[in-house]
Amino acid sequence: MGAVLGLCSAAQMACCCTSAACSLCCSACPSCANSTSTRLMYTLMLLLVMVAACVTLAPGLHEQMKKVPFCENSTGIVPGNFKVDCDQAVGYLAVYRICFAACLFFVLMALIMIGVKSSKDPRAGIQNGFWGIKYLVVIGGIIGAFFIPEGQFASTWMVFGMIGGFCFIIIQLILIIDFAHSWAEKWVSNYEESQSRGWYSALLLAMLSCYALTLTGIVLLYVYYTKPDGCDLSKFFISFNLILVVIASAISILPSVQEHQPRSGLLQSAVVSLYVMYLTWSALSNSAGECNASISATNEDTKEDIYWSSFDKQSIIGLVIWVCSVLYSCVRTASSSSKITMSEHILAKEGAGEGDGGEAGREETKVFDNEADDVAYSWTFFHIVFALASLYIMMTLTNWYNPSSQLSKENVASMWIKITSSWLCVGLYVWTLVAPAVFPDRDFS
């Protein structure tokens with residue numbers, strides 16, 4: 001399935017070419033809806049931006065840049081006085097500049113696409129085509145961003161990054177809750193139809209695995225982020241979130257909830273609990289002083305300026321979750337569970353437009369238009385989400401730290417953003433459970 005989806009975006013890229021080789025590649029790709037291939041192409045663009053940002057954080061890159069002759073403080077020799085401050089091309093500030101350009105691109109696209117109702121709009125060509133030009137615009141924007149004077153750029157853009165990152169976390173929460181509901185509904189449906197012990201065992205194993213990982217995470221948080229004396233705030237966060245996930249799990253199996261949602265259960269609660277513990281861990285990694293294991297474990301004799309720091313475990317896990325969320329939003333269509341999880345505003349409409357030419361049209365072109373009558377998703381909101389996603393990448397890669405700070409992994413604002421997100425996650429999930437019971441007359445299907 002993943003390979004087919006990858007080829008779907010490859011088809012759109014290949015069909016931009018006119019050579020025989022590209023035509024052959026295009027003919028070998030499976031057909032897919034224009035709404036899907038376009039979203040995948042923008043996802044590919046964002047992934048490439050993320051890779052470029054990751055490269056600037058490569059361990060040892062700062063020292064290697066000193067060997068480049070035209071860099072300031074270089075050990076090499078270059079004729080004349082031409083010197084470039086290569087420090088601007090690596091480190092956290094480089095990530096800020098790259099993501100700044102990507103964010104502005106998606107904001108511009110969001111403004112251009114305001115009010116588009118179908119692919120018959122003249123602006124549809126900008127949304128679904130001109131990929132070469134759009135990639136060049138992004139590359140040019142990234143190059144131009146490196147000429148922005150440092151000044152207050154980092155501290156100002158960090159504020160935008162924290163706000164945008166928080167907004168994307170909320171969107172990510174909605175997608176994860178939707179995923180948990182759709183996953184459980186699918187497997188429960190398969191079990192009810194087949195009465196197979198295999199599906200029952202899979203449900204049980206998935207649920208127990210998530211809860212086991214959650215419990216393990218709670219124990220590790222107490223071990224590494226608290227101390228017998230002090231660290232009261234860290235203890236409160238861990239204990240309070242533990243209580244919240246226990247309450248949410250209990251609510252999911254209440255008779256009144258089961259009456260309105262027979263397929264709700266502990267699998268969804270287990271997935272949400274695991275994600276809440278990840279957010280708690282991520283928040284505590286930005287906590288202050290001796291209660292932060294990532295700070296206290298650092299060797300004072302060997303630690304480097306945080307400006308040149310590479311990824312940590314939280315960043316890697318956060319990026320993996322981000323990639324999965326973005327891909328999920330691209331390939332998933334809104335279903336019966338999407339209305340109650342509020343993900344219908346993010347996902348494409350189920351069964352949107354049949355496109356021009358029906359099956360015959362699909363055979364003639366590998367990427368067929370399914371939005372001739374109505375768009376499958378809000379193009380403007382899609383680009384807003386991706387602009388927020390670029391800010392989330394920026395904050396995740398820089399560990400939500402101030403890029404101008406010296407040897408400080410503390411960021412109280414980031415800590416509160418993440419811990420508040422964990423509470424919102426539980427709140428949103430509980431809402432999806434109790435809403436049908438609280439509002440029995442409202443249609444959530």
Side-chain angles (χ1 to χ4, degrees), residues 5 8-18 22 26 29 31-49 99-145 160 164 167-168 171 326-327 329-334 343-358 361-362 364-391:
L5 293 172
C8 191
S9 59
Q12 198 166 42
M13 179 68 81
C15 292
C16 293
C17 307
T18 57
C22 286
C26 185
C29 293
S31 62
C32 63
N34 200 43
S35 60
T36 301
S37 65
T38 296
R39 286 177 292 161
L40 287 172
M41 286 294 289
Y42 283 115
T43 300
L44 176 62
M45 178 185 291
L46 202 54
L47 287 174
L48 292 176
V49 168
C99 294
F100 171 77
C103 181
L104 287 189
F105 170 79
F106 287 113
V107 169
L108 176 62
M109 289 295 297
L111 294 174
I112 293 174
M113 297 303 154
I114 292 176
V116 175
K117 301 298 182 182
S118 72
S119 60
K120 295 176 182 178
D121 192 294
R123 291 170 290 176
I126 301 176
Q127 169 75 2
N128 300 322
F130 299 104
W131 293 108
I133 296 176
K134 283 188 282 193
Y135 273 79
L136 288 176
V137 168
V138 173
I139 294 172
I142 291 174
I143 295 173
F160 283 94
C167 292
F168 183 79
I171 294 172
V326 172
L327 288 175
S329 67
C330 288
V331 301
R332 165 88 167 148
T333 55
S343 60
E344 61 176 349
H345 304 292
I346 305 172
L347 306 176
K349 288 182 266 185
E350 189 173 22
E354 293 300 324
D356 296 332
R362 298 185 187 188
E364 293 175 3
T365 178
K366 291 300 177 181
V367 180
F368 59 90
D369 183 12
N370 67 326
E371 297 179 297
D373 299 326
D374 187 21
V375 293
Y377 59 97
S378 171
W379 292 0
T380 294
F381 187 68
F382 171 82
H383 289 294
I384 291 175
V385 170
F386 268 50
L388 298 175
S390 64
L391 293 175

Item to check | Min side-chain heavy-atom separation Ser390-Leu46 under 4.5 Å | outcome: yes
Checklist entry - Is there a side-chain contact between Thr380 and Val116, using heavy atoms and a 4.5 Å cut-off? => result no
Next on the checklist: Can you tell me how far apart NE2 (His383) and OG (Ser378) are? Round to the nearest 0.5 Å.
Outcome noted: 9.5 Å
Checklist entry - Are the side chains of Ile112 and Leu108 in touch, meaning some heavy atoms are under 4.5 Å apart? => result yes
Checklist entry - Nearest 0.5 Å, what's the CD1-CG distance between Ile142 and Leu104? => result 11.0 Å
Item to check | Main-chain N/O of Phe382 paired with Arg39 side-chain donor or acceptor, under 3.5 Å | outcome: no
Next on the checklist: Does any part of the side chain of Met45, heavy atoms only, come nearer than 4.5 Å to the side chain of Val138, both counted from C-beta?
Outcome noted: yes
Next on the checklist: So which atom in Ala145 and which in Ala101 form the shortest heavy-atom distance, rounded to 0.1 Å?
Outcome noted: CB-CB, 4.5 Å
Next on the checklist: Looking at Tyr42, is its backbone amide N or carbonyl O close enough to the side chain of Lys134 to form a donor-acceptor pair, meaning the two atoms are under 3.5 Å apart?
Outcome noted: no
Checklist entry - So how far is it from Phe105 CZ to Phe100 CZ, rounded to the nearest 0.5 Å? => result 14.5 Å
Checklist outcome for this item: One should read off an interatomic distance between Arg123 CZ and Asn128 CG, to the nearest 0.5 angstrom, of 12.5 Å
Checklist entry - Could you walk me through whether Lys117 and Trp379 pass the side-chain contact (heavy atoms from CB on, under 4.5 Å) check? => result CA-CA 9 Å; Lys117 301 298 182 182; Trp379 292 0; over 6 Å; no
Checklist entry - Can you check whether Phe381 reaches Met113 side chain to side chain, under 4.5 Å on heavy atoms? => result no
Next on the checklist: Could you measure the distance from the CG atom of Leu44 to the CE atom of Met41? Nearest 0.5 Å is fine.
Outcome noted: 6.0 Å
Item to check | Within-4.5 Å side-chain heavy-atom neighbours: Leu388 and Phe106 | outcome: no
Checklist outcome for this item: CZ (Phe386) and OG1 (Thr43) are apart, to the nearest 0.5 Å, by 3.5 Å
Next on the checklist: Tell me the closest heavy-atom pair linking Leu391 and Gly164, and the distance in Å.
Outcome noted: CD1-CA, 3.7 Å
